[in-house]
Amino acid sequence: MSTPSKLFDRAIVQTAKAGWAVFSKLNAINPNPSFTPRWSDKPLLKSYQKEKPPLGWPRTTDSLCPKCVPEIRQQIVDGKLPHEILLNEKVGEIKAQIIERDGQILMVKDCPIHGHFEDVMSIDTAFFKHLEEVFPGRDIRAHNDEKLHNHGTSTVTHGRGSVLTIDLTNRCNMMCDPCFMDANQVGFVHELTWDEIKTMLDNAITIKPKRQMSVQFSGGEPTLSPYFLDAVAYARKVGYNSVQAATNGIEFAKSKEFAKAAAEAGLRYAYLQFDGIGNAANSHRKVGNAFDVKLQAIHNLHEAGVDIVPVTTIVNGINNEQVGRIIEFALDNPKKINFLSFQPVSFTGRDEEISDERRKAQRYTLSHLAHDVKNQTGMGEPVRDWFPISFMSTFSDWADLVHGPNHDWGALSCGCHPNCGIGMAIMIDKETKEAVPVTAFINAEQLATDIAKVNDAARGKWLTILGASLALLRNYKPEASPTHFKLKDLLEKFDKSFGATGRDYGKVTGDRTMEDINKRRADRWNFLFIAGMWFQDLFNYDFRRTEQCIIPYATQEGEISFCAYNTGIGWRNIIEKMHMTATLTKWYEEHGRHEIFAGGKKVGLESNSSYDLVLNSEHVNSAANDTFDKSGIAKNAREEKIRARDAKLKQDAENARMAKLYRKEVLGEQEQPGFISLTEIKPAAPVAKEEETVSGD
């Protein structure tokens with residue numbers, strides 16, 4: 001039943017539709033040329049000027065051989081080949097086809113040496129098609145970047161990205177499976193000096209287009225770096241408003257004072273490792289009280305003024321049933337959580353040598369995520385409510401026009417390939433906790449088309465704002481929005497997100513105060529964004545994706561695509577070895593060992609620890625996913641190595657037995673006195689504790 005306010009809003013929508021019809025016709029007459037902003041040496045792109053990579057299927061792309069690359073990379077790491085080979089040759093590259101088979105989208109490829117490989121990219125062809133069809137195109141080509149973007153076929157060519165990642169250290173206080181960097185296992189420490197950190201941040205702002213990127217300090221565990229707080233403060237100082245830490249939360253949970261110090265340094269977001277609800281759901285991380293640690297970290301960080309983004313690595317058969325539970329956790333705590341990031345597992349680092357059997361069983365795609373959200377929460381129609389993250393770049397272009405040519409930074413622009421990331425927005429009433437997907441009451445596709453027309457005309461600030469307002473209103477369906485949601489709320493949320501009118505919603509700049517933070521948090525409406533980011537591995541690698549990466553890594557050898565650094569050619573292994581700080585033995589001699597929580601070890605929390613989060617007790621007390629216990633397939637790389645070792649010992653024993661039998665029965669030899677048969681050798685027992693494996697040099 002429509003309320004008077006909804007009826008009034010409906011009348012405004014009808015008026016806006018009429019107004020848009022007039023505005024759009026006038027707006028199309030003699031469009032203005034795009035201006036060149038201060039943060040770019042090239043003009044803003046019109047929508048029709050944006051490049052697109054080959055999309056649809058069947059199509060051919062450039063990929064990598066999962067067997068050739070590790071072999072060549074190891075030769076570079078061992079000093080047998082120069083790393084410059086990656087700049088001048090197409091190392092390990094092969095062609096791949098993206099095809100449809102049995103209702104799925106697959107990548108198939110053949111290496112002349114190692115044979116055939118294939119992997120699933122989507123379990124829903126309509127969903128895959130939708131994501132590619134609404135992709136608005138690539139960002140401005142990167143320029144003034146020759147020194148930092150020079151990595152052969154792995155070079156980032158488009159845009160400035162949205163998150164600059166800097167690994168402060170490869171040391172970690174956990175021993176996780178999965179781990180894309182194989183932390184604590186590579187035999188050496190790679191840790192940035194203070195001068196290196198400053199240089200990377202200084203270099204980053206020289207590339208154009210100079211977008212207002214987020215800077216994310218990562219690792220290993222970034223809070224183990226002695227320069228963590230200084231790095232956060234310096235990033236703020238040079239102009240990055242959104243400074244983040246990708247963290248397991250242990251240090252923040254252990255100390256409220258540390259959380260407060262991070263907030264005072266300028267930390268705005270904590271990307272918190274968060275694999276499920278309850279300690280059992282996090283048990284694969286091998287920390288006895290992992291979930292308690294997450295809850296305490298959320299409490300301490302939020303109290304200090306830092307926003308929390310739970311980040312979930314989803315592994316099919318390990319924690320895929322947790323998707324709906326994590327979303328429910330966010331819906332139950334709308335004043336604490338306004339962003340969720342789900343990351344389907346990438347088989348790299350500790351998992352690069354994964355067996356085909358386990359890879360097929362554990363593979364999880366963005367299409368799995370969209371369907372799991374619908375099936376586990378009842379919310380989110382895959383084709384209606386999910387869009388590629390790059391879909392938002394049209395709105396970033398609009399913000400750039402509004403901000404004008406003299407702005408120092410471009411708006412945050414997520415111009416990644418449509419196969420990289422997806423998102424769904426939910427509007428939550430913090431008071432009643434009513435939640436509705438935004439695309440249920442806004443026609444998102446038509447709105448983006450309308451905004452693109454406003455952008456292409458390139459009018460002045462206020463005409464651009466007027467055009468977007470009419471477009472927003474005409475695509476709004478009041479009767480489908482949350483009960484207490486009004487047109488005024490819609491316009492204010494849009495303005496708050498893009499800073500169009502200059503109204504004060506609470507500052508986000510480096511000089512923001514707790515008063516600003518509380519002012520922004522006072523908004524009744526929580527715009528919960530659920531994102532899915534699928535990083536590549538060698539089995540589904542596509543160079544068309546790395547070219548427009550929005551999450552580059554800053555390193556001593558320039559800025560490299562996230563996937564090229566961690567998964568593709570594996571620049572991480574090469575650069576960390578090139579710039580190794582010390583062997584583990586040397587490091588331990590000079591610095592001692594930091595504490596590692598593994599093998600079920602619990603984190604010691606403060607005696608007065610407490611948190612005020614709403615929890616579903618059934619979810620908290622649920623048992624761990626036992627899919628792989630029942631299937632007999634190894635859960636992780638560690639189990640696979642143990643099984644492979646035992647299988648080899650068993651085979652060696654069998655070979656020795658057959659050799660002994662042959663000598664006795666065929667050759668007539670007699671067994672020598674004192675001879676110990678290899679058949680008596682038993683498989684070695686599994687290593688008892690993970691921490692025992694990290695001390696090797």
Side-chain angles (χ1 to χ4, degrees), residues 70 73-80 83 165-197 200 217-228 231 245-248 250-251 254 273 285-287 348-353 553-557 565-567 570-604 636-642 644-645 684-697:
R73 182 201 305 139
Q74 192 60 50
Q75 292 183 60
I76 297 173
V77 170
D78 292 342
K80 297 176 181 178
H83 82 275
T165 303
I166 299 179
D167 279 353
L168 297 180
T169 178
N170 72 340
R171 293 186 297 130
C172 188
N173 48 10
M174 289 178 63
M175 279 288 297
C176 291
D177 278 307
C179 176
F180 63 75
M181 72 172 297
D182 204 10
N184 293 328
Q185 291 286 287
V186 293
F188 61 84
V189 171
H190 174 266
E191 190 155 293
L192 299 182
T193 66
W194 176 234
D195 285 340
E196 287 173 331
I197 294 168
M200 289 177 189
F217 294 110
S218 185
E221 172 53 42
T223 57
L224 295 186
S225 166
Y227 303 114
F228 172 69
T247 177
N248 56 36
I250 289 175
E251 296 303 314
K254 286 165 60 178
Q273 179 196 61
R285 296 295 184 181
K286 305 302 181 184
V287 177
T348 187
R350 211 160 279 170
D351 284 296
E352 188 172 71
E353 297 181 11
Y553 263 83
T555 78
Q556 291 109 325
E557 298 295 321
Y565 189 63
N566 288 309
T567 70
W571 279 89
R572 171 191 291 281
N573 307 68
I574 297 164
I575 291 174
E576 288 189 348
K577 189 65 181 292
M578 287 172 61
H579 298 275
M580 179 179 72
T581 306
T583 64
L584 274 180
T585 301
K586 185 69 173 176
W587 181 271
Y588 290 152
E589 287 177 358
E590 296 181 358
H591 303 276
R593 298 181 180 227
H594 64 269
E595 190 172 17
I596 294 178
F597 298 93
K601 183 177 180 179
K602 292 186 177 183
V603 176
N636 52 47
R638 178 178 170 76
E639 285 189 11
E640 282 192 333
K641 288 179 180 178
I642 291 172
R645 179 193 64 191
V687 179
K689 295 183 179 180
E690 281 87 342
E691 56 260 47
E692 292 175 2
T693 69
V694 304
S695 60
D697 185 7

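Sequence positions, counted from 1, serve as the residue numbers for this chain. Heavy-atom basis, side chains included; hydrogens, waters and symmetry copies ignored.
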Checklist entry - Stepwise, does the side chain to side chain contact (heavy atoms under 4.5 Å, CB included) test hold for R572 with R73? => result CA-CA 10 Å; R572 171 191 291 281; R73 182 201 305 139; over 6 Å; no
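- A pairwise comparison of heavy atoms in G219 and D167 identifies N-OD1, 3.3 Å as the closest pair.
- For the pair F188 and E576, the minimum side-chain heavy-atom distance is below 4.5 Å.
- Here the straight-line distance linking atom CG of N170 with atom CE of M580 works out to 10.5 Å at 0.5 Å rounding.
- Heavy atoms only, all atoms of each residue included: L224 and N173 are closest at CD1-N, 3.8 Å.
- Looking at N636 and E640, their side chains never bring a donor and an acceptor atom within 3.5 Å of each other.
- In plain terms, the two heavy atoms of E196 and L192 that are nearest each other are OE1-CA, 3.4 Å.
- With rounding to the nearest 0.5 Å, the separation of OG1 in T567 from CD in E352 is 8.5 Å.
- Expressed to the nearest 0.5 Å, how far CD of Q75 lies from CG of D78 amounts to 8.0 Å.
- Of all heavy-atom pairs spanning I575 and Q556, the tightest one is CG2-OE1, 3.8 Å.
- Remark: the E191 side chain and the H579 side chain contain no N/O donor-acceptor pair separated by less than 3.5 Å.
- Looking at heavy atoms from C-beta onward, Q273 lies in side-chain contact with R285 at the 4.5 angstrom threshold.
- Contact check for E557 versus H83: side-chain heavy atoms found under the 4.5 Å cut-off.
- A donor-acceptor contact closer than 3.5 angstrom links the side chains of T247 and E221.
- Nearest heavy-atom pair across F217 and P222 is O-CG, 3.4 Å.
- Under the 4.5 Å side-chain criterion, counting only non-hydrogen atoms from C-beta, I166 is not in contact with Y553.
- Judged by distance alone, the side chain of S225 and the main-chain N or O of T169 form no donor-acceptor pair under 3.5 Å.
- A salt bridge does not link E353 to K641: none of the charged side-chain nitrogens sits closer than 4.0 Å to a carboxylate oxygen.
- Considering every non-hydrogen atom in both T165 and S218, the closest pair reads CG2-CB, 3.8 Å.
- Between H594 and R171 there is a side-chain heavy-atom pair separated by less than 4.5 Å.
- Using a 4.5 Å heavy-atom threshold, the side chains of V287 and M174 count as touching.
- In this structure, CG on N573 lies 10.0 Å from CD1 on I76, to the nearest 0.5 angstrom.
- Atom CD1 of I197 and atom CG of L168 lie 5.0 Å apart (nearest 0.5 Å).
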